[in-house]
Amino acid sequence: MAVFHVKTLCETTRTKLSEAIAKMEQFLNGHSLQQLNTDNDEAMEEFYKGYLTDTRHLLVFCEVAYEKLGVALRRPNFNVDYAEKVLYDVYHSCVNSFFYPKNECYSEDGRYAYTGQDAIRFRKKPVRDVRDLTIELSKMFETLREDLAYYETDYITQKRMQGEKV
């Protein structure tokens, strides 16, 4: 890919990650397990524990990627190879962590993706704040997924064809 395109993609990705980080931090700083599970329902307790764990992990992945993108953009000579590796990592750590959370508190239902409806389906009905955060993040990560689609498979294929290890 052209240097200009990769650099621009790094800048826009970093901005989107910054927005997602801010949303997750605000949510995690303002909500505890007890606040989410006001009915003391055991099944919901497990649901929210999983949700909070997944959100914390996603936050860390996003913060690490944000920092790496900053390093890539601050270098005196923009290093396209390093930047592309970071963008690959953003796709595979951040985007995939959002859409495939370990605790499976929600999932994406592709049948709704083109209807204008929210494609996120929750395993259990969460409180409004959890739903709102997840739907808001889904829009951000959907955009990142579209922007970084090249790094899903094409990037690795190209590197392998060039005989490089990834």
Spell out, yes or no, whether [X] and [Y] are grouped together once hydrophobic residues are joined by side-chain heavy atoms under 4.5 Å, including indirect joins.
X    : Y    : result
Y82  : L69  : yes
F47  : I135 : yes
I21  : V90  : yes
L59  : L33  : yes
M140 : F99  : yes

For [Y], is there any backbone N or O sitting under 3.5 Å from a side-chain donor or acceptor partner on [X]?
X    : Y    : result
N37  : M44  : no
T38  : Q35  : no
R123 : Y106 : no

- prompt: Does K85 come within less than 4.0 Å of D89, counting only side-chain N to carboxylate O?
  reply: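 A salt bridge links K85 with D89.
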Carboxylate-amine/guanidinium proximity below 4.0 Å for E142 and R145: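 Salt bridge: yes.
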[X] atom [atom1], over 12 foreign heavy atoms within 6.0 Å:
X    : atom1 : result
F122 : CZ    : yes
E25  : CD    : yes
H57  : NE2   : no
E42  : CD    : no

Find the distance between [atom1] ([X]) and [atom2] ([Y]) and round it off to the nearest 0.5 Å.
X   : Y   : atom1 : atom2 : answer
E11 : L9  : CD    : CG    : 9.5 Å
L58 : R56 : CG    : CZ    : 12.5 Å
Y91 : T13 : OH    : OG1   : 12.5 Å

List the atom of [X], the atom of [Y], and the distance in Å for their closest heavy-atom pair.
X    : Y    : answer
V130 : F27  : CG2-CZ, 3.7 Å
K124 : A43  : CE-CB, 3.7 Å
F61  : S93  : CD1-O, 3.8 Å
A65  : L17  : CB-CD1, 3.8 Å
G50  : C105 : C-SG, 3.8 Å

- request: Indicate the ring-plane relationship of F141 and F98, choosing parallel, tilted or perpendicular according to the 30° and 60° boundaries.
  value: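 If you compare the ring of F141 with that of F98, the planes turn out parallel.
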message: Over 60° means perpendicular and under 30° means parallel, so tell me whether Y88 and H92 are parallel, tilted or perpendicular.
response: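 Y88 vs H92 ring planes: tilted.
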Is the closest side-chain heavy-atom distance between [X] and [Y] below 4.5 Å?
X    : Y    : result
C62  : M24  : yes
L52  : L36  : yes
L87  : Y150 : no
D147 : K16  : yes

Donor on one side chain, acceptor on other, Y51 and T134, under 3.5 Å: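 Short answer, yes.
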query: Is there a side-chain contact (heavy atoms from CB on, under 4.5 Å) between F78 and L73 once you walk through the steps?
result: CA-CA 7 Å; F78 187 73; L73 291 165; 4.1 Å; yes
message: Does K102 form a side-chain contact (heavy atoms from CB on, under 4.5 Å) with T53? I'd like the steps, not just the answer.
response: CA-CA 9 Å; K102 183 178 175 187; T53 296; over 6 Å; no
message: side-chain contact (heavy atoms from CB on, under 4.5 Å), that's the test. Do K68 and V71 meet it? Break it down for me.
response: CA-CA 5 Å; K68 286 182 178 179; V71 168; 5.5 Å; no
